[in-house]
J.: 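Let me give you the structure first, and then I'll get to my questions.
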Amino acid sequence: MPELPEIEHLKRSLEPFLIGSTVVKVDLQRRDVLRQYGRQTNWRAYSKDLLAGTTISSLCRHGKNLALVSDAGPVLCVHLGMSGQMRFSPAGKRLSETTHVHCLWTLASKQGNGKLIFRDPRRFGGLWSFPSIQMLREHRWSSLGPDALAIRASDLAARLHKTQRPIKAALLEQSILAGVGNIYADESLFRAGIDPRSIAARLSKDRVKALTRAIHQVLGAAINAGGSTIRSYLDGSGNGGSFANRHQVYGRGGQVCLACGHSLEQVVIAQRTTVFCNHCQQLFL
DNA sequence: CCGGACTCCTGTGCGC
DNA sequence: TGCGCACAGGAGTCCG
């Protein structure tokens, strides 16, 4: 499932095709994937909200959110949820995926024309339109914590200090920290040597420092590897990532710990499967 | 206000 | 080999 590294890699893989491209045509196949800011239902205006007639000037990411910013002002915020994909395909080349395509953009640029699709079989994702990047930041991204790649240990410590929930649940909470999901929460906690059941507020400053470092390292390595291809994640050109090969704990419940050889534990925290090593990860209550 | 539980949805993979 | 069911989970919402 796409988390911060997958979105960052997607952003980088789409930028060469999208930046400077003009949106010639928009085809919204499923209306309910689009949420229009400040409107209940104005389907006549949806093509403008989907950037029709504008030129894409930049791509912007915060946590797992990706924004397409147009030169005319309007922005479109994409969230992939569990199974979402954004895929660009140059003109003449057929798109391999045709099912569950909810929105299709026809793009034109000096480099050549092409089509961009948003597909999302499970439909946990969606598209959010805003009149400007400022409005997106004020009305949607304001409820998110700092981006996980940029957060400082002192800031994370202050935020974790306020909750009595297990650290695993706190890391999944986007209002505390934006971008970490189930895979990288487990991987970061393993690398930091912290039991996921530990109470967030009980972690010392030094432990949070180690955790912050682990988060930055894990996310950075995953970005460089092109993300983790779990189930359906593919980048903007349809390529998978290789970081799944380097998962130490995620998806390895019952198998041996790669560090100590003990059997990895699997529990459920905040309704999410959680894998950890009882021997390598210390519990703080 | 906080934390826990439920809900949405469909492809995948396992057991019989 | 094929069928059917449990499971996967991001995040909004609701409830105690």
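Letters A, B, ... mirror the listed sequences (proteins, then strands); counts begin at 1.
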J.: By nearest heavy atom, map A:R30 and A:T163 onto DNA chain B; which one lands nearer the 5' end?
T.: A:T163
J.: Just how far is it from atom CG of A:L172 to atom CD of A:E3, taken to the nearest 0.5 Å?
T.: 8.0 Å
J.: For A:A157, what residues pass the side chain to side chain contact (heavy atoms under 4.5 Å, CB included) criterion, not counting sequence neighbours?
T.: A:V208
J.: OP1 or OP2 of C:dG9 versus the side-chain N and O atoms of A:T273: is any pair under 4.0 Å?
T.: yes
J.: Go through B:dT10, C:dG12, C:dG9 for me and flag the one nearest to the A:H100 side chain.
T.: B:dT10
J.: So, OP1 or OP2 of C:dA11: does either fall under 4.0 Å of a side-chain N or O from A:K64?
T.: yes
J.: For the side chain of A:E187 and the backbone of A:Q248, is there at least one donor-acceptor N/O pair under 3.5 Å apart?
T.: yes
J.: Distances under 3.5 Å only, N/O to N/O: pair up the protein atoms with those of nucleotides 3-5 of chain C.
T.:
none

J.: OP1 or OP2 of C:dG9 versus the side-chain N and O atoms of A:Y250: is any pair under 4.0 Å?
T.: yes
J.: List for me each residue that meets salt bridge (Lys or Arg N to Asp or Glu O under 4.0 Å) alongside A:R12, sequence neighbours excluded, and say none if there are none.
T.: A:E8
J.: If only side-chain N and O atoms count, and only distance matters, is there a donor-acceptor pair under 3.5 Å linking A:T55 with A:T22?
T.: yes
J.: Considering only nitrogen or oxygen atoms on both sides, find all protein atoms under 3.5 Å from nucleotides 4-8 of chain B and state each distance.
T.:
unit_1, atom_1, unit_2, atom_2, d
B:dG4, OP2, A:R165, NE, 3.3
B:dA5, OP2, A:Q271, OE1, 3.3
B:dA5, N7, A:Q271, NE2, 3.4

J.: Could you list the donor-acceptor pairs under 3.5 angstrom formed by side chains in residues 269-277 of chain A, with sequence neighbours left out?
T.:
unit_1, atom_1, unit_2, atom_2, d
A:T274, OG1, A:K168, NZ, 2.7
A:T274, OG1, A:R272, O, 3.1

J.: Going by atom types only, do A:R152 and A:T212 share a side-chain donor-acceptor pair under 3.5 Å?
T.: no
J.: According to side chain to side chain contact (heavy atoms under 4.5 Å, CB included), who are the partners of A:Q29, at least two apart in sequence or on a separate chain?
T.: A:D27
